[in-house]
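Read the structure below first, then the notes.
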Amino acid sequence: MIVGRLMFSPATRQAPNLLRIRLSHAPKPRSATVVPKNNVQTRRFGDKADGPPKAGASPSAAVKEGTSSTGKPTTTEAPKSESLWNSAEFWGRCGALAGWGMSGAAIYDALESSPELISLNMTGVLLVYSSLFARWAWIVKPQNLLLAGCHVANIGAQGNQLRRAVEYKKENGKDEEVNDILMKAGATAVVGAACVLAGPTVQSAIVGANLGPISAVAAADAGPFTVHFWAPMSKWMISGASFMELDRPTEKISLAQYTALTLTGFFFSRYSLLVTPINYTLCSVNIALFGSSAWHLGRKVKADFIE
């Protein structure tokens with residue numbers, strides 16, 4: 001009886017209503033946050049906020065966001081755009097095209113010009129120069145195959161020019177001059193071969209002797225035991241040949257050849273500072289080459305087209 005009265009008493013019948021009222025005031029469960037599709041960047045509680053963009057930051061350095069296969073956010077930095085002024089590839093291609101112009105000038109002179117206009121001194125220097133630079137273009141970073149190919153072509157073109165000049169001088173009774181040139185060329189070839197063969201041994205001995213600055217220079221990436229040093233030195237010979245013939249008659253100046261040399265000096269003055277290893281010797285010689293070749297080119301243009 002007592003249990004029956006408790007179950008059916010008015011207070012007991014009101015208990016479910018009170019329970020429902022209390023449950024109705026309970027906090028609602030948090031629903032998942034819906035992120036708009038066009039939202040570029042989201043951040044969870046506890047993540048660090050992105051700071052303001054750095055001053056002078058390039059738009060090309062923007063960060064792209066995505067989602068990995070595991071659902072975790074990923075960031076990928078966009079590649080930085082490189083200006084043409086700082087592009088080794090751009091200046092290297094321009095220098096190679098100017099080099100192809102030099103090879104083309106030799107081919108053009110072989111087809112159109114008289115062999116009496118060929119300078120044996122300049123032709124011999126260009127042979128050495130192209131041989132060294134073909135090797136340099138192959139090993140420099142970034143590698144410049146276009147430049148290497150143009151120097152290989154120039155070796156063939158300048159060899160043909162040398163042949164024409166020698167045959168012309170022999171036909172005109174200048175055998176002594178030809179023999180003198182051939183002896184000098186042979187001596188140069190022997191000395192060069194000896195340096196190439198003995199170079200590694202001498203370099204190892206100097207570096208191992210710990211002679212301070214001397215050993216440091218010998219071990220340098222662009223030191224005197226590398227083609228990075230001797231290729232610019234061969235270009236100094238071109239500039240020297242131009243400086244020694246500043247008063248050369250304008251009728252003996254090849255317009256095509258000196259145009260190519262002037263452009264080569266201009267482009268390589270910048271290119272030499274962008275390659276690895278940086279080559280300050282190459283930069284200085286190209287400045288000199290640009291000046292001497294532009295001098296001859298200006299005299300030729302003035303004599304043929306202005307006066």
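The structure displayed is predicted, hence computed values, not measured ones. Start at 1 with the first residue, then count along the sequence.
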Run F90 and L274 through side chain to side chain contact (heavy atoms under 4.5 Å, CB included) and show every step you take. CA-CA 10 Å; F90 170 75; L274 300 174; over 6 Å; no

With side chain to side chain contact (heavy atoms under 4.5 Å, CB included) as the test, would you mind laying out the steps for W138 and L147 before giving the verdict? CA-CA 8 Å; W138 180 263; L147 181 63; over 6 Å; no

Evaluate C94 against Y271 for side chain to side chain contact (heavy atoms under 4.5 Å, CB included), listing each step before the verdict. CA-CA 9 Å; C94 290; Y271 179 48; over 6 Å; no

Given the rule in the side chain to side chain contact (heavy atoms under 4.5 Å, CB included) test, do L263 and F267 qualify, once you have shown the distances and angles that lead to the verdict? CA-CA 6 Å; L263 291 175; F267 290 129; 4.2 Å; yes

Check step by step if side-chain hydrogen bond (donor to acceptor under 3.5 Å, both in side chains) holds for N286 and S269. CA-CA 5 Å; N286 276 285; S269 296; 5.3 Å; no

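Scored by the ring-ring contact (aromatic ring centres under 6.0 Å, His included) test, F133 finds Y129, W136, H151 as partners (sequence neighbours excluded). Judged as a side-chain contact (heavy atoms from CB on, under 4.5 Å), and not counting sequence neighbours, the contacts of V178 are V166, K169, K170, L182. For the side-chain contact (heavy atoms from CB on, under 4.5 Å) test, residues two or more places apart in sequence or in another chain that qualify with A222 are H228, P277.
Scanning both residues, S215 and A209, for their nearest heavy atoms gives OG-C, 4.4 Å. The two residues G92 and N144 come nearest to each other via the heavy atoms O-ND2, 3.2 Å. Nearest heavy atom pair, residue A303 against residue T250, reads CB-OG1, 3.6 Å. The minimum heavy-atom distance linking A218 with Q203 is given by the pair O-NE2, 2.9 Å. Minimum interatomic distance between G159 and L127 (heavy atoms only, all atoms of both residues): N-CD2, 3.7 Å. The heavy-atom pair separating V301 from L255 by the smallest distance is CG2-CD1, 4.1 Å.
Without hydrogens or angle criteria, W295 side chain to L246 main chain gives a donor-acceptor distance under 3.5 Å. Using modelled atom types, one side-chain atom of R270 and one backbone atom of W85 make a donor-acceptor pair closer than 3.5 Å. With hydrogens and angles disregarded, no donor-acceptor distance shorter than 3.5 Å links the side chain of S293 to the backbone of F290. R164 places no side-chain N or O within 3.5 Å of a backbone atom of Y168 that could act as its donor or acceptor partner.
Residue pairs that meet the salt bridge (Lys or Arg N to Asp or Glu O under 4.0 Å) test with at least one member in residues 198-207, sequence neighbours left out, do not exist here. Among residue pairs with one or both ends in residues 192-203, none qualify as salt bridge (Lys or Arg N to Asp or Glu O under 4.0 Å); sequence neighbours excluded. Sorted by first and then second residue, the salt bridge (Lys or Arg N to Asp or Glu O under 4.0 Å) pairs involving residues 179-194 (not counting sequence neighbours) are D180-K184.
At most 12 non-hydrogen atoms from other residues, nucleotides or ligands lie less than 6.0 angstrom from CD of E176. With a 6.0 Å radius and a threshold of 12 heavy atoms from other residues, nucleotides or ligands, L145 has its CG atom above the threshold. For CZ of F266, the number of neighbouring non-hydrogen atoms (other residues, nucleotides, ligands) closer than 6.0 Å is 12 at most. Remark: D304 CG is packed, more than 12 non-hydrogen atoms of other residues, nucleotides or ligands lying under 6.0 Å away.
Salt-bridge formation is not detected for the pair E89/R93: no Lys NZ or Arg NE/NH1/NH2 atom is positioned less than 4.0 Å from an Asp or Glu carboxylate oxygen.
The distance from atom CG of D221 to atom CD1 of I278, rounded to the nearest 0.5 Å, is 11.0 Å. We find the CD-CD distance between Q161 and Q158 to be 6.0 Å, quoted to the nearest 0.5 Å. To the nearest 0.5 Å, atoms CE (M183) and OG1 (T188) are separated by 11.5 Å. Expressed to the nearest 0.5 Å, how far CG of L297 lies from CD of Q257 amounts to 11.5 Å.
Annotation: side chain of W91 is not in contact with side chain of L84 (no heavy-atom distance under 4.5 Å).
A cation-pi contact links K235 to F268, judged by a cut-off of 6.0 Å to the six-membered ring centre and 45° from its axis.
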